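The next block holds one structure in the form of structure tokens; read it before the comments.
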Amino acid sequence: MTKRSPWQRTHTCGELGLPDEGKDTGVNGWIENHRHHGQIVFLDLRDRYGVTQVVVDQDAAGTAPGTFELVRRLGAEDVISVAGRVRARGSNVNKNRSTGEIEVVALAVTVLGEAETPPFEILDKAEANEELRMQYRYLDLRRRPLQEALMKRARFVTAVRNYLQGQRFIDIETPILTKSTPEGARDYLVPSRVHPGKFFALPQSPQIFKQLCMVGGLDRYYQIARCFRDEDLRADRQPEFTQIDLEMAFVEEHDVLDVVEGMMVHSMREGFGIDLPQPFPRFDFAEAMDKYGCDKPDLRFGMLLVDCTDLAGRSDFKVFAGAVAAGGIVKGLCAEGAADKYSRKGIDELTAFVTGLGARGLAWAKVTAAGLEGSLAKFYEGDKGRELCARMGAKPGDLLLFVADEQKVVHRALGDLRLKVGSQLGLRDPKVFRCCWVLNFPMFEWNDEKARWQFAHNPFSAPVDWSIQDFSVDTANLRSRAYDFVMNGWELGSGSIRIHRPELQAKVFDFLGIGKEQQRANFGFLLDAYRYGGPPHGGIALGVDRVVTLALGREGIRDVIAFPKTAMAFDLMAEAPSPVGDEQLKELSIATTVKKPG
RNA sequence: GGGGGCGUAGCUCAAUUGGUUAGAGUACCGGACUGUCGAUCCGGUGGUUGCGGGUUCGACCCCCGUCGCCCUCGCCA
């Protein structure tokens with residue numbers, strides 16, 4: 001016979017209810033709260049499933065001797081095991097708690113782990129600052145919001161795996177110790193002991209390996225992949241992060257998009273109970289820029305950018321006419337019903353906002369039954385005003401906002417202004433989720449600093465024009481078969497149909513000034529692979545951390561990662577990175593240029 | 001790499017803009033209390049004001065440096 005453990009658990013702290021009345025039970029957990037009343041003590045016992053009230057009554061019959069005295073000494077975060085009996089709480093029900101109709105009358109209590117006073121209180125609403133909570137992450141993990149995030153995250157990822165498995169995808173692990181390439185983000189390097197002076201790099205993504213899986217005939221690959229990039233951090237960026245990475249052979253854009261759309265609809269519902277409206281609209285990059293001023297449209301609200309360049313060019317308003325004459329454009333936003341929501345001061349603030357983004361100013365007008373009011377009014381009286389309103393789709397009570405400048409500046413300013421005004425008007429409901437695709441991104445972009453063209457997306461994205469001969473002709477307007485997945489104005493995924501012919505791939509590298517030797521050194525194995533029969537293929541990678549953050553309405557991805565790092569890429573709990581001993585360095589043939597270690 | 005914000009009991013914050021004993025809530029400790037549920041009531045412990053230097057009769061407050069955290073621009077193919 002197996003000996004019964006003193007902390008045998010029969011129920012969790014979240015599952016007991018009225019139907020369990022009278023049952024003998026064993027529950028384990030952390031003391032969340034304790035209330036002492038002289039001859040009766042109440043404990044709120046917490047585990048990851050919930051909270052149950054435990055009562056210890058000094059006079060109760062059947063209680064193990066010494067139990068009351070023991071319980072009186074217990075405090076917050078002590079870990080205990082309670083053997084007892086479920087009792088209905090009668091008229092003392094706690095309606096704020098799912099287990100509030102019952103309590104466990106303790107017959108015996110075992111202390112499993114004593115807790116010192118924790119450095120901060122374990123509360124649903126985090127009151128301690130994040131620095132402290134990261135240092136004691138294992139305590140922060142006891143908080144319900146963090147547990148909820150991790151549990152839902154796991155449910156979401158499981159749904160993704162199930163869905164992809166059902167679509168014939170194969171989960172394939174790719175190397176963590178891999179090859180450094182100078183293009184792209186800075187690599188995290190790992191020294192090789194047996195190859196002195198040589199280094200592995202941690203993968204920025206499994207990009208090349210997944211493409212080689214396609215050459216390998218594996219057809220449909222996926223991986224929940226950890227990726228590493230040594231760049232400066234943000235609220236939505238960590239040095240290591242997780243992607244749903246997938247690749248498919250013999251496909252066009254719509255094949256990839258359809259699979260991901262199905263996967264997201266399924267997994268968002270399974271993981272978070274969120275139903276995504278379908279289909280996800282598909283925008284051409286140019287259309288997204290034209291209508292939303294950015295390549296990641298927030299579709300939760302309208303307020304599209306409207307082109308008024310032709311009207312503005314004929315205007316007496318010098319700012320408009322001048323901008324058009326200089327080859328610029330004029331676009332506007334119509335904020336429906338917002339005229340009385342913006343005071344002069346409020347509009348000044350919007351003006352400061354757009355000038356901060358490089359615009360020279362913000363022209364505005366409030367629409368009334370009688371015509372326009374505001375900085376534009378005197379240039380748009382009578383028919384001209386009516387014409388402008390018709391173009392903008394404006395009616396009395398609306399607020400019109402315009403920026404005149406070169407196209408890039410107008411889009412930047414109005415794109416961001418649209419989001420700001422949308423937020424101020426409450427149009428960006430965090431409980432509403434709208435997805436879309438943006439396709440046909442530019443192939444290259446000009447890097448001013450380096451004074452040369454560089455990849456806009458990644459070096460393996462195929463050009464839309466398959467038969468292109470010369471990338472130097474009309475370079476800025478060349479489109480690639482790259483696409484982004486966007487939710488609520490957040491880029492969650494990015495992918496493309498790839499180049500699968502070695503000569504075309506080499507031609508792209510040639511154009512970007514990557515010499516043959518460097519091509520061989522960095523990508524030789526990929527170019528070689530294609531010489532042995534590479535299938536057409538494409539894929540995508542989606543940021544898991546971002547999806548979860550957005551779905552749960554959290555502030556940043558640190559809130560959905562069990563052990564995150566700070567903005568300085570430091571692990572406050574483990575205190576990593578840390579200095580290592582001279583012996584270790586010597587073995588790796590490494591000397592540092594840092595004077596004082598540590 | 002640049003810009004901004006923050007750093008005061010274990011925790012969250014205050015300190016009349018340079019003024020003499022650095023306060024409050026909470027946590028913690030002790031006491032009272034048999035139905036609480038962020039219990040209540042009474043009492044108590046608790047401070048290198050991030051660190052180093054400077055100005056001043058006097059610094060939590062001003063100056064310089066430094067460390068850390070957060071946000072942001074650059075960066076992130």
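All chains are named by letter (A, B, ...) in the order of the sequence lines, taking the proteins before the strands, and each is independently numbered beginning at 1. Quick caveat, the model's predicted, so the values are computed rather than measured.
- When both pairing distances are held under 3.5 Å, B:C6 makes a Watson-Crick or G-U pair with B:G68.
- Distance, A:Arg35 CZ to B:U36 C1': 5 Å, rounded to whole Å.
- When Watson-Crick and G-U wobble pairs are counted only if both distances are under 3.5 Å, B:C62 pairs with B:G54.
- In this structure, of B:C69, B:U34, B:U36, it is B:U34 that holds the atom nearest to the side chain of A:Ile40.
- Rounded to a whole angstrom, the distance from the C1' atom of B:U8 to that of B:U36 is 35 Å.
- A heavy-atom distance below 4.0 Å to RNA chain B is reached by none of the residues of residues 505-525 of chain A.
- Glycosidic conformation of B:U55: anti, with the torsion beyond 90° of 0.
- Under the rule for a side chain to side chain contact (heavy atoms under 4.5 Å, CB included), the partners of A:Arg558 that lie at least two apart in sequence or sit in another chain are A:Glu130, A:Met134, A:Gln238, A:Pro564.
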Nucleotides 71-76 of chain B: protein proximity per nucleotide (B base, S sugar-phosphate only, - neither; heavy atom, under 4.0 Å):
SSBBBB
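- Annotation for A:Glu555: atom CD does not count as buried by contact number, only 12 or fewer foreign heavy atoms lying within 6.0 Å.
- Regarding A:Gln135, its CD atom lies at a distance of 13 Å from the P atom of B:C70, rounded to whole Å.
- Listed by chain and residue number, A:Leu177, A:Val190, A:Ser192 satisfy the side chain to side chain contact (heavy atoms under 4.5 Å, CB included) test with A:Phe200 (two or more places apart in sequence, or in another chain).
- Between B:G50 and B:A59, the distance separating the two P atoms is 15 Å to the nearest Å.
- Pair assignment for B:G25: B:C11, on the basis of Watson-Crick or G-U wobble contacts that are both within less than 3.5 Å.
- Classification of A:Asp465 and A:Arg479 as a salt-bridged pair fails, no side-chain N sitting under 4.0 Å from a carboxylate O.
- Considering only side-chain N and O atoms, A:Asn129 lies under 4.0 angstrom from the phosphate OP1 or OP2 of B:U12.
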Below 3.5 Å between N/O atoms, which protein atoms pair up with nucleotides 25-31 of chain B? Just atom names and distances, please.
residue: B:U26; atom: O2'; partner: A:Glu121; partner atom: OE2; Å: 2.9

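- Of the candidates B:C69, B:U12, B:C37, B:C69 carries the atom nearest the A:Glu131 side chain, counting heavy atoms from C-beta on.
- With C1' as the reference atom, B:G53 and B:A15 are 25 Å apart, rounded to whole Å.
- Using the six-membered ring where Trp is involved, A:Phe120 and A:Tyr136 have ring planes that are perpendicular, over 60° apart on the 30 and 60° scheme.
- Distance CG (A:Leu123) to C1' (B:C37): 15 Å, rounded to an integer number of Å.
- Of the residues near RNA chain B, A:Asp57 and A:Ala128, the one whose nearest nucleotide (by heavy atom distance) lies more toward the 5' end is A:Ala128.
- For the C1' atom pair drawn from B:G68 and B:G25, the interatomic distance equals 26 Å after rounding to whole Å.
- The residue A:Pro119 sits close only to the backbone: its heavy atoms come under 4.0 Å of sugar-phosphate atoms, none of a base.
- Candidate nucleotides B:C69, B:G35, B:U12 were compared by shortest atom distance to the side chain of A:Thr566, and B:C69 ranks first.
- Heavy atoms of A:Glu103 sit under 4.0 angstrom from at least one base atom.
- Environment of CD in A:Glu517: sparse, with no more than 12 heavy atoms of neighbouring residues, nucleotides or ligands closer than 6.0 Å.
- For the P atoms, the distance from B:G30 to B:U45 is 15 Å, rounded to whole Å.
- Ring geometry for A:His537 against A:Tyr530 counts as tilted: the plane angle lies between 30° and 60°, on a 0 to 90° scale.
- Stacking of the aromatic ring of A:Phe42 onto the base of B:U36 is found: the ring centres lie under 5.5 Å apart and the planes are inclined by under 30°.
- Applying the 6.0 Å contact sphere to NZ of A:Lys408 captures no more than 12 heavy atoms from other residues, nucleotides or ligands.
- Side-chain proximity of A:Asp44 to B:C11, B:C37, B:G35: nearest is B:C37.
- Between the A:Asn28 side chain and the A:Val79 main chain, no donor and acceptor come within less than 3.5 Å of each other.
- For the pair A:Ile31 CD1 and B:C37 P, the interatomic distance rounds to 18 Å; values are reported in whole Å.
- Counting heavy atoms of neighbouring residues, nucleotides and ligands inside a 6.0 Å radius, atom CD of A:Glu148 exceeds 12 of them.
- Summarising the geometry, the separation between NE2 on A:His37 and P on B:C41 is reported as 12 Å, rounded to the nearest angstrom.
- B:G47 and B:C60 are spaced 11 Å apart, taking the C1' atom of each and rounding to whole Å.
- Ring-plane geometry between A:Phe455 and A:Phe509 is classed as perpendicular, the angle between the planes exceeding 60 degrees on a 0 to 90 degree scale with a lower cut at 30.
- Within 6.0 Å of CD in A:Glu69 there are more than 12 heavy atoms belonging to other residues, nucleotides or ligands.
- Atom-to-atom, CZ of A:Phe120 to P of B:C13 comes out at 14 Å; the value is rounded to the nearest Å.
- One atom, NE2 of A:His36, and another, P of B:C42, lie 19 Å apart when rounded to the nearest Å.
- The gap from the P atom of B:C75 to that of B:U12 amounts to 36 Å, rounded to the nearest Å.
- Put simply, CD on A:Glu555 is 16 Å from C1' on B:C69, counting in whole angstrom units.
- With a cut-off of 3.5 Å on both Watson-Crick or G-U wobble distances, the partner of B:U40 is given as B:A32.
- Screening residues 477-497 of chain A for ring-ring contact (aromatic ring centres under 6.0 Å, His included) gives A:Phe280-A:Phe485, A:Trp437-A:Phe485 as the qualifying pairs, with residues at least two apart or on separate chains.
- Between the P atoms of B:C57 and B:G74, the separation comes to 49 Å (whole Å).
- Aromatic rings from A:Phe523 and A:Phe460 are positioned such that their centres are separated by under 6.0 Å.
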